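Okay, so here's the structure we're looking at.
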Amino acid sequence: MTSGLLGALLAALAYGAATVLQAVGVRRVSALPPGTSLRERVRAGRPYAVGLALDGVGFLASVAALRTLPLFLVESAVASSVAVTAVLSVVVLGVRLGRAEVVALLVVVAGLTGLALTAEAGPAVRPGPGATWWLLAAAAVVALLLVVGTVDHDRRRGAVVLSVGAGLGFGGVGVAARLLEVPPSAWQLATDGVAWALVGHAVLATVAYGLALARGRVTTVAALTFATETVVPALLGVLLLGDRVAPGQGPVAALAFVATLGGCTALAGRAEPPGPARRDPGDDASGPAAVPDVSRQR
């Protein structure tokens with residue numbers, strides 16, 4: 001279980017640091033004067049490239065953690081990357097956190113600690129070959145939500161649909177990673193339906209999340225995505241995949257799960273690295289301006 005916990009922790013650290021680095025890269029490129037050479041733009045955007053590499057590290061670490069840890073623990077740990085972003089934004093970007101944000105950080109830490117102490121390690125129960133088709137069908141649902149949210153003329157409603165689609169897609173990635181059996185050769189992996197479902201969910205979710213951020217308020221998009229991608233896989237893991245908590249620790253695990261999700265949701269709209277303010281369409285004059293994060297806060 002220790003190696004799995006380290007993988008989940010590494011995923012949260014990698015995703016959180018990636019967001020800050022990508023924000024720094026975007027800032028530097030945006031600050032360049034018109035006519036700057038491509039070489040200078042590439043040099044200024046290096047932090048963004050490093051952030052993308054860290055996203056890859058975080059993904060691999062989360063997949064490794066899911067080999068032995070239940071979905072409710074790993075998905076909660078990945079969602080807590082917003083706490084890492086919040087802390088690094090203070091150190092690197094000079095962001096000041098209010099009392100509410102500090103309390104949310106402490107709640108996330110306490111919740112994750114509770115989940116780690118109550119979760120039981122072990123591989124997922126294999127539900128049979130039909131699971132591959134269910135995963136592919138779920139990817140089709142995400143694709144449908146992506147289309148519906150994109151063509152919806154009501155931007156706010158479309159953002160909600162896209163956010164739910166993104167959450168289901170990212171949740172599908174977690175479920176597929178939990179079920180994936182790593183074969184001895186890469187060729188066998190290329191013919192594995194679960195692997196293809198994982199890739200499909202990842203691509204669709206990333207596109208849906210980006211479009212949702214372009215259409216809706218960051219706090220709303222992040223909250224809906226976090227809730228969907230954390231709660232749905234957790235329920236599937238407990239009901240279908242054999243994810244378990246320690247005997248007699250069910251209420252503690254449930255409380256820790258709710259605390260972690262609540263803390264992450266509270267931080268989702270505050271842990272964004274600041275940038276040039278952009279008012280969301282439809283906001284009133286007194287409402288806060290928000291800037292979509294440059295990458296998915298996980």
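This structure is a prediction, so every number in the text was calculated from the model and none was measured.
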message = Using the rule given for side chain to side chain contact (heavy atoms under 4.5 Å, CB included), can you reason through Leu6 versus Leu10, listing the C-alpha separation, both sets of side-chain angles and the distance that settles it, and then say yes or no?
response = CA-CA 6 Å; Leu6 289 176; Leu10 176 59; over 6 Å; no
query = Side-chain contact, heavy-atom cut-off 4.5 Å: Phe72 with Val245?
reply = yes
message = Give me the atom names and distance for the closest heavy-atom approach of Gly174 to Glu75.
response = CA-OE2, 3.3 Å
query = At their closest point, which heavy atom of Thr225 faces which heavy atom of Ser163, and how far apart are they?
reply = OG1-O, 3.4 Å
inquiry  = Can you confirm whether Arg28 sits close enough to Pro47 that some side-chain heavy atom of one is under 4.5 Å from a side-chain heavy atom of the other?
reply    = yes
query = Hey, any chance Val207 and Val147 share a hydrophobic cluster, counting ILVMFWY side chains that come within less than 4.5 Å of each other, even indirectly?
reply = no
ask   = Tell me, do Leu9 and Leu13 make a side-chain contact under 4.5 Å, heavy atoms counted?
value = yes
task = Show your working on side chain to side chain contact (heavy atoms under 4.5 Å, CB included) between Thr228 and Phe170 and close with a plain yes or no.
result = CA-CA 9 Å; Thr228 306; Phe170 286 121; over 6 Å; no
query = What's the verdict on side chain to side chain contact (heavy atoms under 4.5 Å, CB included) for Leu145 and Leu162, showing C-alpha distance, side-chain angles and the deciding distance?
reply = CA-CA 6 Å; Leu145 292 174; Leu162 288 167; over 6 Å; no
query = With the 4.5 Å side-chain cut-off for hydrophobic clustering, are Trp196 and Phe59 part of the same group?
reply = no
key: Cationic N near anionic O, under 4.0 Å, Asp243 to Arg178   = yes
ask   = Quick one: does Glu40's side chain have a donor or acceptor within less than 3.5 Å of a partner on Ser37's backbone?
value = no
message = So, using side chain to side chain donor-acceptor pair (under 3.5 Å) as the criterion, who are the partners of Arg67 when residues are at least two apart?
response = none
task = Could I get the full list of side chain to side chain donor-acceptor pair (under 3.5 Å) partners for Arg46, not counting sequence neighbours?
result = none
query = Got a donor-acceptor contact below 3.5 angstrom from the Thr36 side chain to the Leu32 backbone?
reply = no
request  = Side-chain contact test, heavy atoms from C-beta onward, threshold under 4.5 Å: evaluate it for Leu146 versus Leu211 and give yes or no.
outcome  = yes
key: Student check: side-chain heavy atoms of Tyr48 and Val26 closer than 4.5 Å   = yes
inquiry  = Looking at every heavy atom in both Ala8 and Ala77, which two are closest together, and how far apart are they?
reply    = CB-CB, 3.8 Å
request  = Say whether Leu54 and Val20 are linked into one hydrophobic cluster, either directly or through other cluster members, by side-chain heavy-atom distances under 4.5 angstrom.
outcome  = no
key: Check: Gly242 main-chain N/O paired with Arg244 side-chain donor or acceptor under 3.5 Å   = yes
Which residues share a side chain to side chain donor-acceptor pair (under 3.5 Å) with Asp192, sequence neighbours left out = none
key: Thr230 side chain to Ala227 backbone, donor-acceptor under 3.5 Å   = no
task = Please examine the side chains of Val87 and Leu105, heavy atoms only from C-beta on, and report whether any two atoms are closer than 4.5 Å.
result = yes
Using a 3.5 Å cut-off and no angle test, enumerate the donor-acceptor pairs between side-chain atoms of residues 250-261 and protein atoms at least two apart in sequence or in another chain.
unit_1 : atom_1 : unit_2 : atom_2 : d
Thr260 : OG1    : Leu112 : N      : 3.3
Thr260 : OG1    : Ala256 : O      : 2.8

request  = Report whether Val57 and Val173 are members of the same hydrophobic cluster (ILVMFWY, side-chain heavy atoms less than 4.5 Å apart, transitive linking).
outcome  = no
task = Apply side chain to side chain contact (heavy atoms under 4.5 Å, CB included) to Leu5 and Leu73, showing your working.
result = CA-CA 9 Å; Leu5 286 174; Leu73 173 54; 3.7 Å; yes
CG on Leu69 to OG on Ser62, rounded to 0.5 Å = 11.5 Å
remark   = Taken in chain and number order and not counting sequence neighbours, the residues that satisfy side chain to side chain donor-acceptor pair (under 3.5 Å) with Gln249 are none
Listed pairs under 3.5 Å, donor-acceptor, residues 131-139 side chains, sequence neighbours left out:
none

key: Smallest separation among heavy atoms of Ala17 and Val84, with atom names   = N-CG1, 4.1 Å
ask   = With a 4.5 Å limit on heavy-atom distance, are the side chains of Cys264 and Val108 in contact?
value = yes
query = Going by heavy atoms in the side chains, are Thr85 and Tyr15 under 4.5 Å from each other?
reply = no
task = Identify the two heavy atoms, one from Gly7 and one from Ala65, that lie closest to each other, and give their separation to 0.1 Å.
result = C-CB, 4.0 Å
ask   = To the nearest 0.5 Å, what is the distance between CD (Gln22) and OG1 (Thr19)?
value = 6.0 Å
key: Closest contact, heavy atoms only, Val142 versus Gly165   = CG1-O, 3.5 Å
key: Leu180-Val78 co-clustered via ILVMFWY side chain contacts under 4.5 Å   = yes
